[in-house]
Amino acid sequence: MEVIVAEHAGFCFGVTKAVETVYEQIEKDKKNIYTFGPIIHNEIVVGDLQKKGVRVIEDVSELAGITDGIVVIRSHGVTKEIHKKLMDTGLEIIDATCPFVKRIHRIVDEESKKGKSIIVVGSSTHPEVEGIVSYAQGPVYVVESPKEAADFDGDKETEYVIVSQTTFNMNKFKETIEIFNNNSYNINIVNTICNATDERQSEAEEIAAKADVMIVIGGAHSSNSRKLYEICAARCSRTYFIQTLDDLKLEIPEGANLVGITAGASTPKNIIEEVQKHVRTNF
Ligand code: F3S
C-alpha cells in the first residue's frame, strides 16, 4: 500500500507564527496570557494552551478590571473596532494577524478611501471577513457564492474592487468573477486567496484524483479543512474527515493501493505524523 502525505498539509505560515507567538509568551513566563478567540481551530492545541494557563476571550468586555496581561490577536485578525478597543485596555497587545490578511485590510482601506465600492468574496460570518469588511470606508458587500454574485444587484456605473477571503476556493472565486464580468460590472480584481490555501487545495485535489482512499485531517470548526474535504470528496468517494487518529475508522477496499493524506491549516504536524504512521503500519 502506497501512502502519500501532501507536502502542503498542516500549519501554514500565518498559523505557525500565531501559535509560536503564544508559546513564546508562555516560555517567557508571562502571566495572564489571553488569545482573542481560539488561536486556531484545533481543540487539541487550544486545550494544551489552556492547560498552560492561556485563556480564550470572545469579547473585550471580559478584560474589564484586568490591569496586567497580554492579548494575542490570532492570524485571521479582528475588526478595526475590536483592535481599537483592545488597544484602549492598556494591556500588551501582540498582533499575530497574518501579513496576507493585513494586506487585504490595507487594500480595502486604501481603495475605499479612493471612493471605490468593495466586494469581499467569502463567508460573511467568518471573523476574517468581518475584519476585512470593517476596514472599508464606504460601501462594502460580501458575496458568498457564484449564485450570490448572479443575484447581486448593484450600480453598473460604480467602480468595484473585489477581494477574497484568504481561504476561499480558487475555482469558485474564478466563477464568481466571471459572473460579475458577464453582468458588465466595472470591477478591479485583487486575488487575495493565500498561496498556502491554493497550493494545499490543488495538491489535495491531485492526490485525491489518484487515491483509492483519502484522509483529510482538520478541526471540526475549521472552514479551510471542510473545504479541503469537499475538494477531495469530489475526486475520491472514499474520503474521510477526521480531527485526530481516534476518529479514524478506516476501511481499505480490496485492491486499493494508494492512500492519500492531507490536512487543513490548523492541524499540528504530530497529528499528521501519527495518522501517517498508523496507516503505514496497519495496512
Ligand atoms: Fe496567512 Fe495564508 Fe495562513 S493568509 S494565516 S498564511 S492560510
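All values below were derived from every heavy atom in this structure, side-chain atoms included, with hydrogens, water molecules and symmetry-related copies excluded. The shown structure was predicted, so the numbers you read here are calculated from the model rather than taken from an experiment. Note that ligands are numbered from 1 as they come in the structure, with each ligand's atoms numbered from 1 the same way.
- Listed for the Y160 side chain is a donor-acceptor partner under 3.5 Å among the backbone atoms of D155.
- Here the heavy atom of the protein found nearest to atom 1 (Fe) of ligand 1 is C98 SG, 2.3 Å.
- Side chains of Q165 and S123: a donor-acceptor N/O pair is absent below 3.5 angstrom, by distance only.
- Regarding atom 2 (Fe) of ligand 1, its nearest protein heavy-atom neighbour is C194 SG, 2.3 Å.
- The single protein non-hydrogen atom nearest to atom 6 (S) of ligand 1 is G14 N, 3.5 Å, given as residue, atom name and distance.
- Side-chain N or O atoms of T267 include one that pairs as donor or acceptor with a backbone N or O of I217 at under 3.5 Å.
- A distance of 6.0 Å separates CG of L250 from NE2 of H278, quoted to the nearest 0.5 Å.
- Using modelled atom types, one finds a donor on one side chain and an acceptor on the other under 3.5 Å when comparing E128 with T166.
- Heavy-atom contacts of T166 reach the following atoms of ligand 1: 4 (S) (cutoff under 4.0 Å).
- At a cut-off of 2.8 Å, C12 coordinates atom 3 (Fe) of ligand 1 through an N, O or S atom.
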